Amino acid sequence: MNWMPNKWIAAVLGFFIQPLGMLYVVQVKWAFIYFGLSIVISLSEYIGIHTLQVTWLEYFSFNWVLMIVCSVHAYKLACQYSSGLTRPWYSKWYGLVSIPVFIIAGIFCMRAFLFEPFRMPSVSMFPTVNPGAILLTKKFGYGNYGTFGITLLKKPVTADVQRGDIVIFEYPQQPTINYVKRIVGLPGDTIEYKDKYLYINGSQVNVSILSESLEFKVWEETLGNTIYKVQNTNQWPARDFNLSVPEGHLFVLGDNRDNSRDSRSWGFVPMQNLVGKPIYIFQ
């Protein structure tokens with residue numbers, strides 16, 4: 001018996017999952033086109049909202065237009081389908097199920113073991129990282145493999161961890177929460193903070209004043225090969241300290257020094273809590 005696609009199934013699939021709607025009516029080229037369009041629209045809207053600050057995009061998405069267009073398109077293609085054509089595997093139920101499962105599994109493994117995006121939740125890393133920024137994070141070598149709150153594997157850290165690195169890590173007091181801070185102290189280091197200047201193993205970290213106002217002072221710090229900006233609030237007193245970093249732990253600070261809860265507040269970060277290192281920041 002010759003198979004004909006059900007036009008209503010095609011319309012529903014085309015509305016909710018556009019590529020599957022096109023695969024159901026045996027249109028592989030259109031499946032790729034709609035998949036590409038959905039990615040382009042989503043990225044464009046993200047840039048519009050977070051970079052260009054186009055506020056109306058927060059209430060209207062062009063993806064809704066794409067969903068309606070694809071639904072109508074799939075419906076018409078199902079009506080025009082020739083009964084003499086052979087039905088390929090990817091248009092059958094097991095193909096329509098296995099393809100998204102395979103894609104989702106691939107994305108899950110990518111996020112768990114290789115690269116995962118994290119959102120900067122606060123101003124603690126300003127002016128380096130703006131609140132709401134997306135940090136594309138490298139995870140391989142940091143030994144803490146998992147995503148979406150699911151831990152798959154724990155291994156020792158093999159990545160090269162340096163002073164000055166921004167890192168994502170599990171908050172020591174509540175490991176289900178990820179924090180973003182900068183490493184300033186490695187195991188065995190002596191860290192001193194005096195009058196808002198940082199000293200490591202007895203030597204002051206190099207600074208260069210960039211700007212100063214009645215409220216803020218911004219300077220550049222240099223740790224190893226890393227140069228970054230630090231902001232201090234003039235009206236707030238310094239929280240001076242002198243300590244040694246124990247083995248297997250790190251000392252971290254926020255770049256917004258007077259507006260950051262970090263190792264000064266809740267202690268050292270165990271190395272096994274490291275999740276990854278950002279390789280690109282989408283501000």
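All residue numbers refer to positions in the sequence shown, counting from 1. Values in this document were obtained by computation on a predicted structure and should not be read as measured data.
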Connected via hydrophobic side-chain network under 4.5 Å: Met4 and Trp93: yes
Taking Thr147 for its side chain and Ala112 for its backbone only, find out whether a donor-acceptor pair lies under 3.5 Å. no
Side-chain contact, heavy-atom cut-off 4.5 Å: Pro5 with Lys7? no
What pair of heavy atoms forms the shortest contact from Gly95 to Pro100, and how long is it? O-CD, 4.3 Å
Can you check whether Met22 reaches Leu77 side chain to side chain, under 4.5 Å on heavy atoms? yes
Any chance you could measure Ser124, atom OG, to Asp258, atom CG, to the nearest 0.5 Å? 12.5 Å
Tyr90 and Val28: CA distance, side-chain angles, deciding distance, side-chain contact (heavy atoms from CB on, under 4.5 Å) verdict: CA-CA 9 Å; Tyr90 55 77; Val28 177; 3.1 Å; yes
State plainly whether one hydrophobic cluster holds both Met125 and Ile177, where clusters connect Ile, Leu, Val, Met, Phe, Trp and Tyr through side-chain heavy atoms under 4.5 angstrom apart. no
Roughly how far, to the nearest 0.5 Å, is the CG atom of Leu223 from the CD1 atom of Ile200? 4.5 Å
Students often mix this up, so state it plainly: with edges at 30° and 60°, are the rings of Phe169 and Trp266 parallel, tilted or perpendicular? tilted
Residue pair Val275 / Lys139, side-chain heavy-atom distance below 4.5 Å: yes
Measuring from atom OG1 of Thr151 to atom CD of Glu170, what distance do you get when rounded to the nearest 0.5 angstrom? 6.0 Å
Using modelled atom types and a 3.5 Å cut-off, is there a donor and acceptor pairing between side-chain atoms of His249 and backbone atoms of Glu247? yes
With a sphere of 6.0 Å drawn around CG of Leu43, does it hold more than 12 non-hydrogen atoms of other residues, nucleotides or ligands? yes
Given Thr190 and Asn242, is the side-chain contact (heavy atoms from CB on, under 4.5 Å) satisfied, shown in steps? CA-CA 7 Å; Thr190 298; Asn242 192 319; 3.7 Å; yes
Between Asn256 (side chain) and Val123 (backbone), is there a donor-acceptor pair under 3.5 Å? yes
As an exercise, state the distance from CG of Leu250 to NZ of Lys181, rounded to the nearest 0.5 Å. 14.5 Å
Do the ring planes of Trp30 and Tyr34 sit parallel (below 30°), tilted (30 to 60°) or perpendicular (above 60°)? tilted
Carboxylate-amine/guanidinium contact Asp262 Arg182, below 4.0 Å: no
Test side-chain contact (heavy atoms from CB on, under 4.5 Å) applied to Val245 and Leu186, Ile191, Val184, Val269, the passing residue: Ile191
Nearest-0.5 Å distance that lies between atom CZ in Arg257 and atom NZ in Lys217: 13.5 Å
Are Tyr59 and Trp64, when compared by the centres of their aromatic rings, separated by less than 6.0 Å? no
Mind listing the closest non-hydrogen atom pair of Ile166 and Pro278 along with its distance? O-CD, 3.1 Å
Lys154 atom NZ, over 12 foreign heavy atoms within 6.0 Å: yes
Is any side-chain heavy atom of Ile68 less than 4.5 Å from a side-chain heavy atom of Phe15? yes
Pair Phe126 + Phe216: ring centers closer than 6.0 Å: no
Donor + acceptor pair across side chains of Arg87, Ser91 (<3.5 Å): yes
N/O donor-acceptor pair under 3.5 Å between Ser42 side chain and Ser38 backbone: yes
Should the ring pair Tyr197 and Trp219 be called parallel, tilted or perpendicular, given that the plane angle runs from 0 to 90° and is split at 30 and 60? parallel
Answer yes if Phe32 and Leu20 sit in the same cluster of Ile, Leu, Val, Met, Phe, Trp and Tyr residues linked by side chain heavy atoms under 4.5 Å apart, and no otherwise. yes
With a 4.5 Å limit on heavy-atom distance, are the side chains of Tyr46 and Ile134 in contact? yes
Verify the cluster assignment for Val72 and Phe16: are they in a single hydrophobic cluster under the rule of side-chain heavy atoms below 4.5 Å apart? no
Does the side chain of Ile99 reach to within under 4.5 Å of the side chain of Trp89, using non-hydrogen atoms? yes
Using side-chain contact (heavy atoms from CB on, under 4.5 Å), reason through Leu96 and Leu13 one step at a time and then give a plain yes or no. CA-CA 10 Å; Leu96 297 174; Leu13 285 174; 4.1 Å; yes
Using the side-chain contact (heavy atoms from CB on, under 4.5 Å) rule, take Phe108 and Ile150 through it: C-alpha gap first, then chi angles, then the decisive distance, then the call. CA-CA 10 Å; Phe108 186 91; Ile150 302 172; 4.3 Å; yes
State which residue, out of Leu37, Ile39, Ile33, fulfils the side-chain contact (heavy atoms from CB on, under 4.5 Å) condition with Phe35. Ile39
Can you check whether Leu135's main-chain N or O pairs, donor with acceptor, with Thr137's side chain at less than 3.5 Å? yes
Report yes or no: does Asn234 contribute a side-chain atom to a donor-acceptor pair with the main-chain N or O of Ser213 at less than 3.5 Å? yes
So, for Ser61 and Glu45, which heavy atoms are closest and what is the spacing to 0.1 Å? OG-OE1, 3.0 Å
Closest heavy-atom pair and its distance - Asp240, Lys194: OD1-CA, 3.5 Å
Heavy-atom side-chain contact between Phe115 and Phe140 under 4.5 Å: no
Quick one: CZ on Arg261 to CG on Leu253, what's the gap to the nearest 0.5 Å? 13.5 Å
Hydrophobic clustering (ILVMFWY, side-chain heavy atoms < 4.5 Å, transitive) - are Ile279 and Met110 grouped together? yes
Salt bridge or not between Asp165 and Lys277? Use side-chain N to carboxylate O under 4.0 Å. yes
Taking all atoms of both residues into account, what is the closest heavy-atom pair of Pro19 and Ala31, and its distance? O-CB, 3.6 Å
Tell me the closest heavy-atom pair linking Ala74 and Ala11, and the distance in Å. CB-N, 4.4 Å
Lys229 versus Ser211: any side-chain heavy-atom pair under 4.5 Å? no
Compute the centroid of each ring, for Phe62 and then for Phe60, and state whether the two points are separated by less than 6.0 Å. yes
Whether Arg264 engages the ring of Phe241 as a cation-pi pair (distance to the six-membered ring centre under 6.0 angstrom, angle to the ring normal within 45°) should be assessed. no
